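The structure under discussion appears below in the form of structure tokens.
We're numbering straight along the sequence, starting at 1. Quantities reported herein were computed from a predicted structural model and do not represent experimental measurements.
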Amino acid sequence: MSKTVAVIGASSDRRKFGNKAVRAFQARGYSVIPIHPHEKSVEGLTAYASVLDVPGLIDMATVYLPARAGSSRPEIARKGIREVWLNPGADDDEVIDAARAHGLEPIVACSILGIGESPGDY
């Protein structure tokens with residue numbers, strides 16, 4: 001059974017890391033759920049505005065939002081997602097501290113590299 005990953009900040013723009021992550025996780029056999037408030041679909045997958053809109057469980061979340069764009073930390077915590085990756089650009093100290101304040105223990109690293117892929121391949 002594959003893990004379900006929410007890509008928060010997913011994008012239809014294939015040059016953006018939020019899109020590269022969708023494709024990399026798919027290539028590794030993950031069930032991928034794009035999260036973006038304005039996208040209806042990403043890479044042919046239904047996109048949701050929030051993790052709270054997704055039916056069922058989500059095993060992990062990988063965040064591709066700049067710190068200034070706000071945060072989905074409260075939603076991640078409420079959804080009960082235990083594995084949370086803060087990728088470069090989403091990983092400033094304020095974001096990490098706020099995630100911890102919501103009971104999350106984020107992994108601060110590139111999730112694409114974390115699954116054994118290279119962003120340059122996508």
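Put simply, CG on Asp13 and NZ on Lys20 are 9.5 Å apart, with the number rounded to the nearest 0.5 Å. Atom CE of Met60 and atom CD1 of Ile76 lie 11.0 Å apart (nearest 0.5 Å). Expressed to the nearest 0.5 Å, how far OG of Ser2 lies from CD of Gln26 amounts to 11.0 Å.
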Show which side-chain atoms of residues 103-114 pair as donor or acceptor with protein atoms under 3.5 Å away, not counting sequence neighbours.
{"from": "Glu105", "atom 1": "OE2", "to": "Arg100", "atom 2": "NE", "distance (Å)": "3.2"}
{"from": "Glu105", "atom 1": "OE2", "to": "Arg100", "atom 2": "NH2", "distance (Å)": "3.3"}
{"from": "Ser111", "atom 1": "OG", "to": "Thr62", "atom 2": "OG1", "distance (Å)": "2.6"}
{"from": "Ser111", "atom 1": "OG", "to": "Tyr64", "atom 2": "OH", "distance (Å)": "3.0"}
{"from": "Ser111", "atom 1": "OG", "to": "Asn87", "atom 2": "OD1", "distance (Å)": "3.3"}

Show me the donor-acceptor pairs within less than 3.5 Å that the side chains of residues 45-59 make with the rest of the protein, sequence neighbours left out.
{"from": "Ser50", "atom 1": "OG", "to": "Leu52", "atom 2": "N", "distance (Å)": "3.0"}
{"from": "Asp53", "atom 1": "OD2", "to": "Ser50", "atom 2": "N", "distance (Å)": "3.3"}
{"from": "Asp59", "atom 1": "OD2", "to": "Thr4", "atom 2": "N", "distance (Å)": "2.7"}

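When all heavy atoms of Ala6 and Ile35 are compared, the closest pair comes out as CB-CG1, 3.9 Å. Considering all non-hydrogen atoms of both residues, Val32 and Pro34 come closest at O-CD, 3.7 Å.
With hydrophobic clusters built from ILVMFWY side chains whose heavy atoms lie under 4.5 angstrom apart, Phe17 does not share a cluster with Val63. The same ILVMFWY cluster, assembled from side-chain heavy atoms under 4.5 Å apart, contains both Trp85 and Val5.
Around the CZ atom of Phe25, the shell of radius 6.0 Å holds more than 12 heavy atoms that belong to other residues, nucleotides or ligands.
Ile115 is listed as a side-chain neighbour of Tyr30, based on a closest heavy-atom distance under 4.5 Å. In this structure, the side chains of Arg14 and Glu43 come closer than 4.5 Å at one or more pairs of heavy atoms.
Neither side chain, Asn19 nor Arg15, offers a donor N or O lying under 3.5 Å from an acceptor on the other.
A donor-acceptor distance shorter than 3.5 angstrom exists from the side chain of Arg28 to the backbone of Gly116, with no hydrogens or angles considered.
Remark: Ser41 engages no residue in a side-chain contact (heavy atoms from CB on, under 4.5 Å) (not counting sequence neighbours).
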